[in-house]
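Before any comments, here is the structure.
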Amino acid sequence: MIMKIIGKLSDEIFFNLIRENRYLHFVKGLGISIQLTFYAALIGGAIGLLIALARLTNNKVLSYFASKYVDIIRGTPVVVQLLIIYFAVFASVNMHRVAVASIAFGINSGAYVAELIRAGIQAVDKGQMEAARSLGLSYSQSMYHIIIPQAIKNILPGMGNEVISLWKETAIAGFIGLEDLMRGAEIVRGRTFSNYTPYLVIALIYFYITVMMTAALGKMERGMRKSD
Amino acid sequence: MIKVVDLYKSFGTLEVLRGVSNEIHKGEVVCVIGPSGSGKSTFLRCLNLLEEPTSGEVFIDGVSLTEHGKDINKLRQKVGMVFQQFNLFPHMNVMENITLAPVKLKGMSKEEASEKAVMLLRKVGLPDKDYEYPNKLSGGQKQRVAIARALAMDPEIMLFDEPTSALDPEMVGEVLSAMKQLVVEGMTMVVVTHEMGFAREVGDRILFMDEGIIAEENSPEELFNNPKNERTRSFLSKVL
Ligand SMILES: Nc1ncnc2c1ncn2[C@@H]1O[C@H](COP(=O)(O)OP(=O)(O)O)[C@@H](O)[C@H]1O
Ligand SMILES: [Mg+2]
């Protein structure tokens, strides 16, 4: 009985990973998924900061468009955004798909990051800005020296969680023909006709990386609490 | 030094200041008393434009605060403010709290500003707290650091908004004595306070505010011993 299970398992491993070097599909997919997460996090961070600042200004027009941006992005599925950006926006330009997908995920993530930043800034006590201004510091000096450093402590944990969500969300990149981790599993499955083994493999990889990121985030938070 | 002319301030439909005029002279200590919600804080905060008056004028050394085109940040440097909730910067130590503004705004070197901070900390009775963070300090110590922070800009006038109201009773004395030290040195001060003993002792003039106006104004002796206004009398009978 046990021998039978072990035999089946090693068959599965052999067919899905080793034969024809199929493991390379997973390795290559992992690389694409990591790249997407990395670039999308950078783009999302930059967009998020700009949108948050736009929402917080006294400029009504800027603030209106920034809040609409957040509403629209959060109110539609990522996969739809990805397809629109790929087929409608970048259809005519010959751009690398990794770049297109990174931009799409970044645009999506930016809306969530903007909300994190806005909430983090607004959570800083109002008295801090008043004390800074009463000393004669300008609005931007007060933001830079007093508000932002305190807001960062509020924002960082949420940012970490945002990167972890991004990591998992990139699994839809196959919709625009990218061979990411998810797509890699599908390619292998198309060859081996295994029921679920390729999915189990990528589930393990997704999970392992998520666990590592969560641990890193926890370490960072503990470090920050120490400096309080 | 500060001249206030017919100040009005509304929050939405709520009229908080309804025509306040006054003049505060150099070296004068003016204490503002009155029931909660009467507009004392709002009045004080209009003096450095933390609140924008709905109408009326505030002049500092003859320069209008409310007139557009004036550099409000420059004018605010002349006006120090101490808050009920201290509002120290929690991510900076005591020294950084005090030296930030002089270094950024007055072009002082770090060393110069630090020397000055050490002197100011001694003045408020905290000679050995330079590198503590605010969360390690008691309320009374925090408020004295806040006073030192405001003094570091060499203000011509100091505004205090109930500086002892958030303190445990045993710490009120240390903050009041730091303020008395300033009075002795001739600082011009406007103090919103519930400490009637302090107002009576150091005030040159008392303003009694009620429902958005200065209902009565007099020397401490006259106002406390011989209040003219019915509302002043009823307020004093409750707090004394
Ligand atoms: N930023 C604000 N927005 C709306 N209402 C305010 C604001 N600040 C103060 N008020 C209201 O104005 C009135 C006077 O407040 P305040 O000047 O703080 O009185 P006091 O300091 O005498 O207790 C109160 O009713 C208060 O609720
Ligand atoms: Mg008040």
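Residue numbering restarts at 1 for every chain, and letters A, B, ... go by the order of the sequence lines.
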With chain A as the partner, which of B:M81, B:H91, B:M153 has the greatest number of non-hydrogen pairs under 4.5 Å? B:H91
Decide if atom NZ of B:K116 counts as having more than 12 heavy atoms of other residues, nucleotides or ligands within a radius under 6.0 Å. yes
Counting only heavy atoms closer than 4.5 Å, note whether B:Q77 contacts chain A via side chain, backbone, both or neither. both
Value rounded to 0.5 Å, distance of OG in A:S138 from CG in B:L105: 8.0 Å
Between B:L88 and chain A, with a heavy-atom cut-off of 4.5 Å, which part of the residue counts as in contact: side chain, backbone, both or neither? backbone
Looking at A:Y199, I want to see if its OH is surrounded by more than 12 non-hydrogen atoms of other residues, nucleotides or ligands under 6.0 Å. yes
How close do A:A131 and B:F83 get, heavy atom to heavy atom, and via which atoms? CA-CE1, 3.7 Å
Flag yes if more than 12 heavy atoms outside B:K180 fall under 6.0 Å of its NZ atom; otherwise flag no. yes
Is the NZ atom of B:K78 crowded by more than 12 outside heavy atoms at less than 6.0 Å? yes
Determine whether A:Q128 and B:P90 make a side-chain contact, defined as any pair of heavy atoms from C-beta on separated by less than 4.5 Å. yes
Does CG belonging to B:D128 count more than 12 external heavy atoms closer than 6.0 Å? yes
Just wondering, are more than 12 heavy atoms of other shown residues or ligands nearer than 6.0 Å to CZ in B:F11? yes
CZ of B:R76 to CG of A:L137: how many Å apart, nearest 0.5 Å? 10.0 Å
Spacing of A:D125 atom CG and B:F89 atom CZ [to the nearest 0.5 Å]: 11.0 Å
Is B:F59 atom CZ crowded by more than 12 heavy atoms from other residues, nucleotides or ligands, each under 6.0 Å away? yes
Between B:K104 and A:L135, is there a side-chain heavy-atom distance shorter than 4.5 Å? no
Could you report the tightest heavy-atom contact between B:N48 and A:S134, atom names first, then the distance? ND2-CB, 3.8 Å
Among B:V79, B:L159, B:L100, which residue has the highest count of heavy-atom pairs closer than 4.5 Å to chain A? B:L100
Checking B:R149 against chain A: side chain, backbone, both or neither under 4.5 Å from a heavy atom? both
I'd like to know whether NZ of B:K110 has more than 12 heavy-atom contacts from other residues, nucleotides or ligands below 6.0 angstrom. no
State whether the side chain of B:N87 and the backbone N or O of A:G127 hold a donor-acceptor pair below 3.5 Å, judged by distance alone. yes
